[in-house]
Structure formats: C-alpha cells, structure tokens
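Below is one structure, written out as structure tokens; the observations come after it.
Letters A, B, ... mirror the listed sequences (proteins, then strands); counts begin at 1.
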Amino acid sequence: MPSYNPADVERRWQQFWETNKTFRTPDPGDPGTAGKPKYYVLDMFPYPSGAGLHVGHPEGYTATDILARFKRMRGFHVLHPMGWDAYGLPAEQYAVKTNTHPRITTQQNITTFRRQIKALGFSYDWDREVDTTDPGYFKWTQWIFLTIYDTWYDPVAGKGRPISELPIPDDVRGQGEDAVRRYRDAHRLAYQAEVPVNWCPEMGTVLANEEVIDGRSEVGGFPVERRPLRQWLMRITAYADRLLDDLDPLDWPESIKLMQRNWIGKSEGAEVHFPVAHETEDHTVSHTITVFTTRPDTLYGATYMVLSPEHPLVDRITTAEHRDAVRAYQAAAARKSDFERTEVAKTKTGVFTGAYAVNPMNEARIPIWTADYVLASYGTGAIMAVPGHDERDYAFAHEYGLPIETVVRPAGDGPWDPDARPGPFCDDGVSVNSGPLSGLPTADARREITVLLESRGLGHRRVNYKLRDWLFSRQRYWGEPFPVLHGPGGEVVPLPPAELPLVPPDLEDFKPTGTPEGPLSKATDWVNTTRGGQPYRRETNTMPQWAGSCWYFLRYIDPRNDAAFADPAKLRHWLPVDLYVGGAEHAVLHLLYARFWHKVLFDRGYLPCPEPFQRLVNQGMILGETELTAYQKDGKWVSAGEVKEADKELASEGQSALRAVRVSEEQVEKKGQAFVLKEDPAVRVEARAHKMSKSRGNVVNPDDIITEYGADSLRLYEMFMGPLEAVKPWSTKSVEGVYRFLGRAWRLIVDDGEELKPHPAMTDAVPDRDTLRVLHKTIRKVGEDTDHLRFNTAIAAMMEFVNHVTKLEARPRAVLEPFVLLLAPYAPHAAEELWRALGHRDTLAYEPWPAFDPALARDDEIEVPVQVNGKLKARLKVPAEIDDQALEAAALADEAVMAAVGGKPVKMVKVVPRKLVNVVVAG
RNA sequence: GGCCAAGUGGCGGAAUGGCAGACGCACUCGACUCAAAAUCGAGCGCCCCAAAGGCGUGUGGGUUCGAGUCCCACCUUGGCCACCA
C-alpha cells in the first residue's frame, strides 16, 4: 500500500461493511444487546429527486453518522436507519410529461440516492431501509389513517378514544341509525367537510395551509385560490393545546418551538354578542353578531363593527340603500387572490352596511361595516373595532372618518393627553371611561369584564387558535389511496384491515383532471366495486406526501412486521428518538403533523410515549462559494450599497439595465469594512455567498468531491466548516485542507511501501510524558465535543494531535492506536485501514472508545498571564499546583509588572486561581 | 411592520466574564528537486523600516478588577411570521 488512496480504501471498506453486515442492528433482547443503553439517531429521510444528492444531504447525515459510530464505541445499542420519502409531485409531473409510470422514475431515483449515500460510508442498517411507496409500507400508512378515522377526541379525558366509545345523545339516537352515523362522522379525527380550501388550478389539486406561502403554492410558486370543496380533513385542532404544552420539555431549538407556537397561535380572550339594532327592513328577525376579542377590556371603546365579506350575516343586515355597494364589495373581495388580500402596506378598504349594532355594555349604537381586513377564517369572522387601541382598526377608522375613543391609558400618574399621541395605544394600562372597569389595570379589567359578560349572558371566556384543521386529501395519482368506500347512500365504509394495502390502479394517463375529482377517478374499473350486491365507489383522492413521513421512524423499528406497523415491545425499547437531525424548513409541516399522529397513536395505546423526537437539531444550509459581484449601469460602475435588492435579482438574471459582473479577488481590495474595486476605489463590491442553484451555476456535486478527495475528506470537511447549525459557504479549497490532514495522519502510521504495514518510526516504547498529555487532552476534547455535536473543534483537536506527533522522532503505537479510534467516527474508511495497518484483524466499529485519564492530561507547569489595570504585561511560568498567595507574590515580583506598576500604590490584586492575576493600581 | 438569530484577520472559523484570532484555507519565505508538484519547516490582525510602543471582536453608551462574551440603544446581514382581532 503506497500513499493515501481514498478511492481504494473506501471501496474496500464499504464492501467489508456490507458483506459482514457490520452495522446490522440486533433487535432488543438479541445476543449482544444485554445491558446496553439504547440510542436512536435519526435523519430526515430524503425525497429521492431526479437531481441526485446535494452537498446539503451529507451534512446532516455525516453528523448523525459520527454520533451513531461514537455511541456504538461507547457501548450503546444504536439504531441508525435510512429510507425514502418517495411519494411526491416531481415524479408525478415527470410521469405526466413523459408518460412513464412514477414508480419507474421513483425506483431509478432511489437507486441513485442509495448508491450516493452508500458512497459516503454511513453506518446505516440497510436491512431496515423503508420506502413510503412500497405496498408493505403504505399498508400501514393506510392502517394508521383508519385508526385516526376510528378515533374521536374526548375533551373531558383530554385524549383520543375509539369512536365506539363516543356517547350518543338520546335525541340523536332517537332519529335512527343514519343520524347516529352522521353524529359519529362529525366527531372523527379524520372527517370530510365542505370547507374553503386552497385550490391550485395549475397543479390541479388542493393544498394544506402550510403548503401555501403568500398566496402561492410552496412547490412551484403557482397561484392558489379559495374554493369551497368537500375534502378530507384531520382534526389537528383538537390537539392544539397538547401540541403546544408538550413542546416545553423537548430539547429542540427555541426558534423551532417558537415557530410551532406561533403557528398554533393560541390566544385567550372572550366572545361577545352584539345585538343588531332593529332598523333593517326585516324587523321580524333579530340578529346577533358574535365577535372574538383578546381585549374584552376595551369593549367600551368599540366605535364600529366589521364583518368579513364572506360573513353570512352581511346579506341579512345590509339595508336596501347600501345593498349594491356591499354586493359589489363582496364580489371584488371574492375575486382577489389571497396574495392581494393579505398584501401589506395597502390601505384598508370596506363599505358600510347601513346597519347598526348595540354595544351590550353601554347601549351605544355603532355602525356595522364589511371589510376584507377581517378574515372569515379566524375567530368568528367578525370583530368589534376599537380604533383607540388597535393598529388596524385605527388605520381603518382614520381612512373612513370613524370615531376614535380612548378607554385605556398608560399606567402611572404622569400627565396623559390622548389627543397628543400619534396613534392608538395598544399596550396594557389602566381602563378609563369604561363604566365599572374604569381605574382597573388591563389584566384585572379583562377578568372583570369577562365575569360581567358571562353573568349577563352577553359573552364568555374563549380561547382561539390560528391552527386550522389539516386538509388531508389531494387530487393526485402518486400518493396513498384512501382505504375507504363510499356507499350507495353516500356513507363512508372503511376497508377492513385484511384488505390492506389498497394499491392504486395502473393508469395510462396521470394528468390531473383539472377538477376536484382526482386522477384515480379515470380508473373506473378500480373505482366502482360492489359489496353485498350494492354498488360502492372508492375514494378517488389520495393522501398528501406528509402521510408517509408522519411515521417512518416507527417503521424502522420493525420494518418487516406484517402483523402490526411495529411490535409494541420493540417500540418500547427504541422510542423516543434520541436525536433527530434535519433542515429547519420542516419546522411547522412535517414536525407538527408527525407529532399529531404520534399523539393519536399514543392515545390509542399503540405507542409508549406522547412525543416522537426528544432532541432536534437543524443543520445549517450550505451555500455556494462566496462570489464577488460588482454592478454596472449604462457601462458605469455603481457601488453595491446603492443598488436595490430587487434590482440585483433582475440583474443577475440579466433582465435589467443593471449588469452584475463577477470579479476576481485580484480586482478588489479591502477598504474598511467593504471591498472596493482596485481600478476605482469609490466603487463598492458585494461579497456574498448565495444558495446553490442550477440557474446560478454554483451547485457542488458530492460525487465530484468524492472522486477528487474521497468520502472521508468530504465528511471531514463538512463537519469542519463551522458549527452544524450555522449557514456556511462552500469552499473546495478548504476540502484540500482536511484531505491533507488525512494524508498526514496516514503517513504517520503507514509505511510507504507495497504492503500495508506500520511506519518504521513506529515504536512500542512508552510515550513521553508530554505526548501522553497531548493524547489524553485530545481524548477528552474529542469525546466532549462529539457528544455536544461540536464537530469542528473536535477535528481541530485531532489536527493538533497529528501536528504534535509529526514532530516526534519515534511514533509511539500506544498513542497512535487510541488516536485512530478517535478518528474512526469522522473518517471511518481511513481509520479502519489504519487500524488494520496497526495489526488488527477486525473492524474497529465496536472497539471501546479510548479511556481518558485525567492524571495523564494534567499539566506540570502552566503559564499565567499577569495584567496591570486589565492590560496584559507579563506571562509567568509557574508550577501547575501553585496556590493563590504564591501566584500573587510571583506576579508582583515580576520585572515587567513592577515596571508597569511604576511604584504607584497597589489598590488590589485579583487572583483567579491558576488562571490570571490582575494588579489594580491607582491613577 | 413584528419576532428570532448573528456581526471577530484576506476567507471559514476558535475562545465556562480571565493571554482575542485555536484549527484550517489563501499568501510569503526556506528545505528537498535539474525543475515543478507533493512533502517538510518558518512567518502571517492593523499602525510603525524595525524595535519599543500603540490600536484592535459592527457603532455608541453602561455594568465589572477585567467584556468578543453580560445590559441598553442604534446600524447591518440572515431567518421566520406577516391585517389572526
């Protein structure tokens, strides 16, 4: 074996691991598991796209692999699996274009992904690989759907229970079986309802709220419109409180917890009933407008009301003379896309209905308007407007000249002129002009008014959530079919578990129908079926992509079980996941849905714990290499600071008078904080790393890096770039740095000859004290840093070790063997080969982690800095065990220190034991 | 607009309130070589010819014997949410 040749080494060890099933994970109770603590380390499994692996994938996968290998060496029973989230739109769109069955492209993509992932040498147990499109897998996705369908949420018990245990009220029972069925259906956690949904005409499907961003589809960016359609929904709102409360103890990034909390959007307040004044034409009917408010204490300041244009009362209360204007406004609002409706900074619009409501507390007559700044989908779709204490109401009142009243003033006794202030006062304070509330602090006023409203039947306490029920059906081909039938009377009949999996029909044409009927409706033979001689139809919608990813981590635990989604004893052993690593883009989608399913399955007794992922870490995105960009307009340079962001985008696409010019490092110099052009130092140049994208041409393909430097170098580099969570730019030059490090480590141990054998400088002699100290400090540092996912500093410590040993004449085997074990989780192929060169026959994957000896790591002599008035003046070499008095004496005796003190009186001497001395002198 | 992060050499980054810049890249010099590459060694924050010295962690203030680290305000960048009553 000559010099370090990663391609050779890596191929050989990947083969070794595969043929020996080195990383096969024994089931709990199998030989070798006794007494071992478990550790479940999970990656977010990839969608196998046609583009192949991206350098972002190995980032998280390497981090988890290092931990999996580390934990094995520390004696843990480790579960570390991989699989494919293989349902998805790209495969279906490709199928539509080329008329290839999505199953074929999906399998091709999986093959590519598997090859690429295996080339990185991850220690997955490939016997546990799962594929969400495999009937053996989605059988259980469908089974879980049926379980959720079979569940209702019992608010008293605070948990999901079998639908058979749902109490049926007598009056419902009295109306017959159909009524009982409808009653049950209305309580199921999976239910059908006609709701305004996000319909995306371009994609021919509906989308979940979570999949719509600024009124456009998250995938593809197509416009989305609101349409009332009958769809399947999941009652995730029933679990809102538990999803919120159970976040607290989780070891997750605070930012992700916050995003979930905001998404759930719990607000506490009150519902208040406002009677409509009887001045409409229809004097015989009395109407009540119910509003939700988080500030019931401002009730006396309500000067008008607003109904959303879709509110059913708008038509009923509008007076004849305002009817045309209101109708026109409603029509205009309906035409607007969500994007237009929620556009910021636009002025608010609305029209008066002609009707008045009565403030239930002070009998004030206030006008009722309709305006699209009030959303039909939140609260009751109606508000009481308090322009004195709400930004939006203030803006609207200002626009339409509606009265503004002050009913809260800032706390404290200071002077207070409500007319002097520029806008509404929205903070908590003290109630004024509010009848019985006057003088009460906001918190008390809130409580007081709620009690008053409840006692008079005018309203009640109320908790509201932004979270909506989860729209669960899609009009697509490439997804799990719903395992239900629709009977002749429109009733839903779940398939018996024995009939699962329900495999989708083979289709010639995968195109969306363009209507809410899914593509499956084209397979009439499949759709139409009979039961007991009666005609039944299969559901033609399919499940969203999230379905398969909601529970894949459960299937890894028992992937080939045909009798259950997983064996309960195995679930008890492995759950919860100890570490879950993936991108932050799943903060509210996958991570919220998976938690919801988990809780339902927990409630129904199928899972041992209420939360799936104990610890979550987001790896930061890897950007392309930093680019220097100068801007030109009409042939003249423009400073980067003067260019607007929007123009930059256009310029980089070549669609503007502005031109973006890539410049080289030689053309620029640093001036203060900024880079400027050498030829014209007045021109600032932009230095920025961008997201990798095909159009920008800055995508790095992991295959190329592996060919050039090997998988170990790629792994090591991605971990050395910086903290795992940080966003960081790629630099191929820096890959060479870690490649060189591996080469140095290699040459330290391996003889430069034909055969693989130890370097002639290798010695069995006892290492010197200093070298032992370096080793043990490295063992401590690498162990602690690996445990805390601080891989960059762990690698730096290993580099320092190699730098130290390189300087030695003789290389003691006694420190090199432990070093190879430290390296093993990071660069496993090279480490295995070095382990063999050191004379070992078997894999090092289960070798015990080197033991740390604090006595050997201890310094004999330390260097202590001495400051005078906080400024460094000297460094003292002193024995490590020096006490404070001796250290202080040594400091004060030092020449440089005495010179700095200059005979002035010493006010105090601060001694930090063994760390530092600070001499404080006057003046 | 709101909320949350983060601003440290030419670059990526390191630093339980205690020697700022570990480790690596780039660069410079030296050794080896006919030469180059590879490798090995040395240097490398800024000012100053150099030394002595001074200045240095986005800006301004504060707390502290001592601040990159804690607090306040501002600036910049990134992320998330975006009329949720």
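Straight-line distance between the C1' atoms of B:U63 and B:C72: roughly 11 Å, to the nearest whole Å. Going from the C1' atom of B:A82 to that of B:C3 covers 11 Å, rounded to whole Å. Taking the C1' atom of each, B:C65 and B:G58 are spaced 27 Å apart, rounded to whole Å. Only the P atoms considered, B:A14 is 11 Å distant from B:U8, to the nearest whole Å. When the C1' atom is compared between B:A5 and B:C27, the two are found 33 Å apart, to the nearest whole Å. A distance of about 16 Å separates the P atoms of B:A15 and B:G24, rounded to the whole Å. Straight-line distance between the C1' atoms of B:C11 and B:G62: roughly 34 Å, to the nearest whole Å. Spacing between B:G60 and B:C55 at atom P, rounded to whole Å, works out to 15 Å.
The side chain of A:E863 has B:C19 as its nearest neighbour among B:C25, B:C19, B:U39. Across B:G41, B:G12, B:C4, the shortest atom-to-atom separation from the side chain of A:R744 is found for B:G41. For A:L872, whose side chain is taken as the heavy atoms from C-beta onward, the closest listed nucleotide among B:C19, B:A85, B:C65 is B:C19. Which of B:A26, B:C23, B:A85 sits closest to the side chain of A:R740 comes down to B:A26. In this structure, the nucleotide among B:G18, B:G24, B:A82 sitting nearest to the side chain of A:N918 is B:G18. Closest to the side chain of A:L916, from the set B:C65, B:C40, B:G18, is B:G18. The side chain of A:K807 approaches B:G41 more closely than any other nucleotide in the set B:A82, B:G41, B:U39. Comparing atom distances between the A:A796 side chain and each of B:G13, B:A22, B:A85 picks out B:A22 as nearest. Distances were taken from every side-chain heavy atom of A:E800 (C-beta onward) to each of B:A22, B:G18, B:G12; the shortest belongs to B:A22. Picking from B:A85, B:G18, B:G24 the nucleotide with the shortest atom distance to the side chain of A:M799 gives B:G24.
Heavy-atom neighbours of A:E863 CD from other residues, nucleotides or ligands within 6.0 Å: above the threshold of 12. Counting heavy-atom neighbours within 6.0 Å of A:H273 NE2, excluding the residue itself, gives a total above 12.
Checking B:A52 for Watson-Crick or G-U wobble geometry (two distances, each under 3.5 Å) identifies no partner in any strand. In a base pair of the Watson-Crick type (N1 to N3 plus N6-O4 or O6-N4) or a G-U wobble (N1-O2 and O6-N3), with each distance short of 3.5 Å, B:G18 is matched with B:C65. The partner of B:C74 is B:G58, by the rule that a Watson-Crick or G-U pair needs both atom distances under 3.5 Å. Checking B:A26 for Watson-Crick or G-U wobble geometry (two distances, each under 3.5 Å) identifies no partner in any strand. Look at B:C81: its Watson-Crick or wobble partner, with both distances under 3.5 angstrom, is B:G1. Partner assigned to B:A35 is none, using Watson-Crick or G-U wobble distances below 3.5 angstrom.
Regarding A:E391, its CD atom lies at a distance of 12 Å from the P atom of B:G1, rounded to whole Å. A:L623 has its CG atom 12 Å from the C1' atom of B:G79, to the nearest Å. Residue A:R875 contributes atom CZ, which lies 16 Å from atom P of B:G18 at whole-angstrom precision. If you take CD1 of A:I383 and P of B:C83, they are 14 Å apart, rounded to a whole angstrom. Counting to the nearest Å, the C1' atom of B:C83 and the CG atom of A:L375 are 7 Å from each other. A:W730 places its CH2 atom 14 Å from the P atom of B:G13, with the value rounded to the nearest Å. Taking atom CE on A:M798 and atom P on B:A14, their separation rounds to 16 Å, with Å as the unit. In this structure, CG of A:N618 is placed 12 Å from C1' of B:C80, rounded to the nearest angstrom.
Counting non-hydrogen atoms under 4.0 angstrom, A:N464 reaches nothing in the nucleic acid. A:K733 comes within 4.0 angstrom of sugar-phosphate atoms only, judged by non-hydrogen atoms across all strands, and of no base. Within the 4.0 angstrom heavy-atom criterion, no nucleotide atom of any strand lies near A:T626. Residue-level contact check: A:V920 touches the backbone only, with heavy atoms under 4.0 Å from sugar-phosphate atoms and none from bases. In this structure, A:D393 reaches neither bases nor backbone, as no heavy-atom distance under 4.0 Å exists between it and the strands shown. A:S731 comes within contact range of no nucleotide atom at all, as no heavy-atom separation falls under 4.0 Å.
The pair A:E800-A:K781 does not count as a salt bridge, with every side-chain nitrogen at least 4.0 angstrom from each carboxylate oxygen. A salt bridge between A:R461 and A:E268 is present, with a side-chain N of the basic residue lying under 4.0 Å from a carboxylate O of the acidic one. Salt-bridge formation is detected for the pair A:R261/A:D248: a Lys NZ or Arg NE/NH1/NH2 atom is positioned less than 4.0 Å from an Asp or Glu carboxylate oxygen.
When the nearest nucleotides of RNA chain B are assigned to A:L258 and A:V727 by heavy-atom distance, the more 5′-ward of the two goes with A:L258. Checking A:T793 against A:R295, the closest nucleotide of RNA chain B that is more toward the 5' end is the one next to A:T793.
Contact between the side-chain N/O atoms of A:R688 and the OP1/OP2 oxygens of B:G78 is found at a separation under 4.0 Å. Considering only side-chain N and O atoms, A:R914 lies nowhere under 4.0 angstrom from the phosphate OP1 or OP2 of B:G18. Under 4.0 angstrom from either OP1 or OP2 of B:A14 there lies at least one side-chain N or O belonging to A:N792. Considering only side-chain N and O atoms, A:N262 lies nowhere under 4.0 angstrom from the phosphate OP1 or OP2 of B:G2. For the pair A:S255 and B:G79, the criterion of a side-chain N or O lying under 4.0 Å from OP1 or OP2 is not met.
Taking each heavy atom of A:D712 and A:A830 in turn, the nearest pair found is OD2-N, 2.8 Å. Closest non-hydrogen pair, A:V663 versus A:A630, comes out as CG1-CB, 4.1 Å. Nearest heavy atom pair, residue A:H389 against residue A:E405, reads NE2-O, 3.9 Å.
Annotated as syn: B:G9, whose glycosidic dihedral is within 90° of 0.
Between A:F396 and A:Y304, the gap from one ring centroid to the other is short of 6.0 Å.
For B:C65, the base has no donor-acceptor partner in the side chain of A:K907 [N/O atoms by modelled type, under 3.5 angstrom].
Between A:Y400 and A:W369, the ring-plane angle classifies as tilted under the 30° and 60° cut-offs.
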